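Following: one structure in structure tokens, then a few remarks.
A quick note: this is a predicted structure, and the numbers were derived from the prediction, not measured.
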Amino acid sequence: MKTKLLVVEDDANIRFGLVELLTSEGYAVEACERGDLAVDAVDKHRPSLVVLDVMLPGVNGYQICKQLRERGYRGLVLMLTAKSQEMDKVVGLESGADDYVTKPFGLRELTARVHALLRRNRPPEASSEESLVAGDLILDLKTFKLKRGELSVELLAREVRLLQFFLTHQDEVLARDRILNDVWGYEYYGNTRVLDQSIVQLRKKLADVGADPKQIATVHTVGYRWVRG
């Protein structure tokens, strides 16, 4: 069975091009041209990945992504942003997007991101363990929840992969490009915003369960390190 994708893009030329490109890569691709129809399209088609433009009629991409996550959608969201608008990337990731590609983008880059995200989207199934324990923290790989005592918080798929990587490499200094390659599954392109913003969100969720956000320590000019509690 082919993997299902949904393209949400109001520009007819770009939309048609993406559908043709991704179909040629072997995916079953549906398309939606309006933001206010996107959530219903996801409910109808249940795609594994949504290619989501930011600027859409009806409802913008940020709001769509946030609505999807609030409704429990665990699929992937690859956001298309304007190259000149850095805040698009930050807000998109905060809304629950897994990654972004800036316009104008190369076809090879976009397909590489899609392939990599789909390949890396199954950390629980890829592991024989149901959970990972670090001190009083429990990462449940089946429910996508981080637990500490009576407190718990739900994680996005990319946050599960990232925290799983940290917990299996505790106290190691991990370079940004290594984390991108191992967790996101694509070669380092020179822009680590997607990683840095994911770290910000993961630290917030550590704080939500009463853990110390500084357990994810920044190693200046290099990357990050998980500090044992």
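- Under a hydrophobic clustering in which Ile, Leu, Val, Met, Phe, Trp and Tyr are joined whenever their side-chain heavy atoms come within less than 4.5 Å, directly or via other members, Phe105 and Leu118 fall into the same cluster.
- Taking the side chain to side chain contact (heavy atoms under 4.5 Å, CB included) definition, one finds that Glu20 meets it with Phe16, sequence neighbours left out.
- Inter-residue side-chain proximity for Val42 and Ile64 is flagged as unmet; no heavy-atom pair is nearer than 4.5 Å.
- The minimum heavy-atom distance linking Ser152 with Lys147 is given by the pair CB-CG, 3.9 Å.
- Surrounding CD of Glu150 are at most 12 heavy atoms belonging to other residues, nucleotides or ligands under 6.0 Å away.
- Note: the hydrophobic cluster containing Val133 does not contain Leu163 (ILVMFWY, side chain heavy atoms under 4.5 Å, direct or indirect links).
- Side chains of Leu132 and Phe166 form no contact here, defined as non-hydrogen atoms less than 4.5 Å apart.
- Put simply, the side chain of Gln201 reaches to within 4.5 Å of the side chain of Glu94, judged on heavy atoms.
- For Arg15 (side chain) and Asp10 (main-chain N/O), a donor-acceptor pair under 3.5 Å exists by modelled atom type.
- Side-chain contact between Asp182 and Leu174 is absent, with no heavy-atom pair separated by less than 4.5 Å.
- Tyr27 pairs by the ring pair (Phe, Tyr, Trp, His ring centres under 6.0 Å) definition with His115, not counting sequence neighbours.
- Of the residues Asp53, Thr81, Asp11, the one that meets the side chain to side chain donor-acceptor pair (under 3.5 Å) test with Lys103 is Asp53.
- Here Asn60 contributes atom CG and Met55 contributes atom CE; the two are 7.0 Å apart, rounded to the nearest 0.5 Å.
- The heavy-atom pair separating Met79 from Cys65 by the smallest distance is CE-CB, 4.2 Å.
- Taking the side chain to side chain donor-acceptor pair (under 3.5 Å) definition, one finds that Thr143 meets it with Asp140, sequence neighbours left out.
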Asp98/Arg69 under salt bridge (charged side-chain N to carboxylate O under 4.0 Å, His left out): CA gap, chis, key distance, verdict
CA-CA 11 Å; Asp98 294 277; Arg69 295 312 187 193; 2.8 Å; yes
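- The nearest pair of heavy atoms linking Ser198 to Leu162 is CB-CD2, 4.0 Å.
- Cluster annotation: Leu180 is not connected to Leu156 through the hydrophobic network of ILVMFWY side chains, with a link wherever side-chain heavy atoms come within less than 4.5 Å.
- Note: Ile199 CD1 to Ile179 CD1 = 6.0 Å, rounded to the nearest 0.5 Å.
- Here the shortest heavy-atom pairing between Leu76 and Leu117 reads CD1-O, 3.4 Å.
- The side-chain heavy atoms of Arg158 and Val183, taken from C-beta on, include no pair separated by under 4.5 Å.
- By the 4.0 Å N-to-carboxylate-O rule, Arg176 lies close enough to Asp196 to be salt-bridged with it.
- Val59 and Val7 fall within the same hydrophobic cluster, where Ile, Leu, Val, Met, Phe, Trp and Tyr residues are linked whenever their side-chain heavy atoms come under 4.5 Å apart, directly or through other members.
- The line from CG of Leu52 to OH of Tyr62 is 10.5 Å long, rounded to the nearest 0.5 Å.
- You'll find the side chain of Glu172 reaches within 4.5 Å of the side chain of Arg178, heavy atoms only.
- Taking CG from Leu22 and OG1 from Thr3, the interatomic distance works out to 11.5 Å, rounded to the nearest 0.5 Å.
- Nearest heavy atom pair, residue Ala41 against residue Leu6, reads CB-CD2, 3.9 Å.
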Please tabulate, for the side chains in residues 205-221, all donor-acceptor contacts under 3.5 angstrom to protein atoms that are two or more places apart in sequence or on a different chain.
residue, atom, partner, partner atom, Å
Lys205, NZ, Glu154, O, 3.1
Lys205, NZ, Glu159, OE1, 2.8
Asp212, OD1, Lys214, N, 2.9
Gln215, NE2, Val227, O, 3.0
Thr218, OG1, Arg203, NH2, 2.9

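- With Arg74 contributing its side chain and Ala157 its backbone, the two residues share no donor-acceptor pair below 3.5 Å.
- Residues Val8 and Ala38 approach most closely at CG1-CB, 4.0 Å, considering heavy atoms.
- A distance of 7.0 Å separates CD in Gln67 from CD in Glu70, rounded to the nearest 0.5 Å.
- To the nearest 0.5 Å, atoms CG (Leu141) and CZ (Arg161) are separated by 12.5 Å.
- Contact of the Tyr73 side chain with the Asp43 side chain is not registered, since no non-hydrogen atoms from C-beta on lie closer than 4.5 Å.
- Partners of Tyr224 according to the ring pair (Phe, Tyr, Trp, His ring centres under 6.0 Å) rule, which considers only residues two or more places apart in sequence or in another chain, do not exist here.
- At a threshold of 4.5 Å between non-hydrogen side-chain atoms, the residues Leu80 and Leu18 count as touching.
- Here the side chain of Gln197 pairs no donor or acceptor atom with the backbone of Val194 at under 3.5 angstrom.
- Linking Ile, Leu, Val, Met, Phe, Trp and Tyr residues whenever their side-chain heavy atoms come within less than 4.5 Å leaves Phe165 and Ile138 in two separate clusters.
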List the steps and the verdict of side chain to side chain contact (heavy atoms under 4.5 Å, CB included) for Leu56 and Arg34.
CA-CA 6 Å; Leu56 292 163; Arg34 290 188 58 87; over 6 Å; no
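- By the ring pair (Phe, Tyr, Trp, His ring centres under 6.0 Å) test, His45 is found to be paired with no residue, residues two or more places apart in sequence or in another chain being considered.
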